[in-house]
Protein chains: 2
Amino acid sequence: MRDLIEIQQKLLPDLVEVLRKRYMLLQSIYHLQPIGRRALSQVTMTTERILRGEVELLKEMGLLLFTTAGMSVSEEGQRVLERMEPMVAELFGLTDLAAQLQTHLRIPEVIVVQGDADRNEWVKQELGRVGARVLKQRIQEGDVVAVTGGSSIASLADHLTPSPAFRTVQFVPARGGLGEKVELQANTLASVMAAKTGGSYHLLHVPDRLSTDALQALLEEPGVREVIDLLRTSRIVVHGIGDALVMAQRRKYSPQELDELRAVGAVSEAFGYYFNDSGEIVHRMPTIGLQLEDVQNAEVVLSIAGGASKAKAIHSFAKQQAYHNVLITDEGAARALLAQIDPKGASV
Amino acid sequence: MRDLIEIQQKLLPDLVEVLRKRYMLLQSIYHLQPIGRRALSQVTMTTERILRGEVELLKEMGLLLFTTAGMSVSEEGQRVLERMEPMVAELFGLTDLAAQLQTHLRIPEVIVVQGDADRNEWVKQELGRVGARVLKQRIQEGDVVAVTGGSSIASLADHLTPSPAFRTVQFVPARGGLGEKVELQANTLASVMAAKTGGSYHLLHVPDRLSTDALQALLEEPGVREVIDLLRTSRIVVHGIGDALVMAQRRKYSPQELDELRAVGAVSEAFGYYFNDSGEIVHRMPTIGLQLEDVQNAEVVLSIAGGASKAKAIHSFAKQQAYHNVLITDEGAARALLAQIDPKGASV
DNA sequence: TTAGTTAGGGACGCATTATGTCCCGCACGT
DNA sequence: ACGTGCGGGACATAATGCGTCCCTAACTAA
């Protein structure tokens, strides 16, 4: 069954969403029958007119009865409700997960894709594809987009397509080089995004780890200064969320430094900030790039992270930065996250 | 999976139609790739612009590739096509049957509902529901609607709902009494339809079987004459199609008469006319009511008949009267009919 | 019996979207 | 070198969606 839905959704992206709405509408009518349009439109949080279209369709299909007392569910409609019941959890699982995350993390928008990035490589692709779609939706003329590195963001970059709206967009790396694979670095990704979309990009030619002295010196450099200033005006921030210790190791932290991180309870990492369970900053890399206050000034923060192993990191980061945030994650991370928030209610 | 498909058809009939179109579009592209918009729009019988919207969506979903040579189906798209194949029959089976009947019988519109009226009683209900919907769509102010008897038409009458458009509609029985159950007679159904819709009705107070003398005498009666004249102006005719011998028995034909019917190869019956395999009139009851020429003058002829046993009758009647016809039948009859038209191609 | 409430259905106008149509630069094959 | 057919862009108009209000019928409570 999963197969059918999955395939259909490729051709009809909002199929499940519409199905869910119709099902819930039918269910609402069933529980409140007989009920009128006006009352029902308040319950279902829709306008009268739009609800009308829906109920007329359901009536056409013989699932509803219209009487002077109001609408009620026909026998056929009841049969549909009964037969759908066992499928509901599976069908709407992801939507449901997203809604739960939205509530618990207080994030305006959450999208959950199927699978677990830890288990299937293609889930990263899916995250990227969805992320690219969201970015394309949110982009505006003349936007400055700050991007970090990482495989999720790389996948997003890969799925971007040219569009006239992107012509005036500038992609700016949020960080310097991370000293690892070049195809996952912020600098590279900014240029890839620009190439894919037809936008322009800037580079931040600084190493990620710096001594305080070198940092000060570099900040004086005009070429660096310019990019930093631009970075601060970012309307959109696109970033991944990393596991604190994993990121620290990639950044070649010494064993002592790692111990310190562990000691302060660092869990997640994003743009060089390390957060603990509660979302508090417990460590900050002395480096050049996007600062947390700049992120908070951004109008759109696109966070991408998948895989059950990222659950803790996502949770702690979400506590820090929930406002104006769009979280794109996967089923694995979502379930793990909910299980850790509410261990008893984590079934489905 | 079967379950889900049925539910989808009940809850998302509009979306299933869109799904079908998208699937067929993807398939067309696959077979013609690489192909441009203009060429494709001719093949698919759509305008360039509307096709463009569709292919852009398919591109967004990663199912199409756009090159300077034209559009082609991506690997993902091929996977979708392959995985959908087994579901196609179930998803679009009925639509497909309807399309085949339309072609083979040369009838402008065919609707096929699920099931077989011979095996499940509720299929008749479904036929009636759909019939009522079609009638409501086609009705116009001041229409005269000729109706025959029978269980299918009774079911249609049952599913009619009031509507202001029906206020000025007159329902007229196409035949006199059939001497059987009153709830299935044309007179009764005309009055039921009027009651259900808010229209008016007339009655034809004559027995169905008459001697030629009595027939002439009755035709002189003003009350009868009036109704007959009205009947002749019918813009819409709603009728069932019966099996010739079954109808003859109901009409209490003598064994000799039945033998005669068999001898001339009578297969189907409608408004007192008996048709053979080729749709030729082989017998005609000397009676008062709607004549075949009146039917041919009607703008809308709504034929309802379901059940595999009616296949022959439908086929032969369709040969007689295809123009301006809307046929509403069921899966059982449709498959049986196609098997008899084209025995080898009747799989699915 | 009557007043009040709420039902479904109809109507209308605005606004946004969809859609038909044309044009352009470009890449390919001839 | 040229012509054909491609995808992409632009734009005016048609059309549909949608919010909103009104109407009559029916039921309920006094």
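Please read all numbers here as calculations on a predicted model, not as lab measurements. Per chain, numbering begins at 1; letters A, B, ... match sequence-line order.
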Using atom CG of Leu51(A) as one end and atom P of dC18(D) as the other, report the distance to the nearest whole Å. 12 Å

Atom-to-atom span, CZ of Arg49(A) to C1' of dG13(C) - whole angstrom: 13 Å

Give a yes or no on whether a donor-acceptor pair under 3.5 Å exists between the nucleobase atoms of dG20(C), that is its base, and the side chain of Arg52(B). no

Do the side-chain N and O atoms of Thr197(B) and Lys136(B) include a donor-acceptor pair separated by under 3.5 angstrom? no

Would you tell me whether Gln8(B) and Gln8(A) have side-chain atoms, one donor and one acceptor, within less than 3.5 Å of each other? yes

What is the distance, rounded to the nearest whole Å, between atom CZ of Phe66(A) and atom P of dG10(C)? 12 Å

From dG9(C), dC6(D), dG8(D), pick the nucleotide closest to the side chain of Glu48(A)? dG9(C)

Taken to the nearest whole Å, CD1/Ile29(A) to C1'/dA7(C) is 14 Å

When rounded to whole Å, the CD to P distance for the pair Gln42(A) and dT20(D) reads 13 Å

Could you give the distance from CD1 (Ile5(B)) to CG (Leu12(B)), rounded to the nearest 0.5 Å? 12.0 Å

Determine: side-chain N/O of Thr47(A) to OP1/OP2 of dC18(D), distance under 4.0 Å, yes or no. no

Near Arg83(A) CZ, under 6.0 Å, is it more than 12 heavy atoms from other residues, nucleotides or ligands? yes

Using whole Å, report how far CZ of Arg38(B) lies from P of dG8(D). 15 Å

Choosing from dG8(C), dC28(C), dC27(D), which nucleotide comes nearest the side chain of Arg37(A)? dG8(C)

Write down the distance between CD1 (Ile35(B)) and P (dC28(C)), rounded to a whole number of angstrom. 19 Å

Nucleotide dG8(C), atom P - distance to CG of Leu58(A) in whole Å: 14 Å

Of the candidates dG20(C), dG19(D), dG8(C), the side chain of Ile50(A) sits closest to dG19(D)

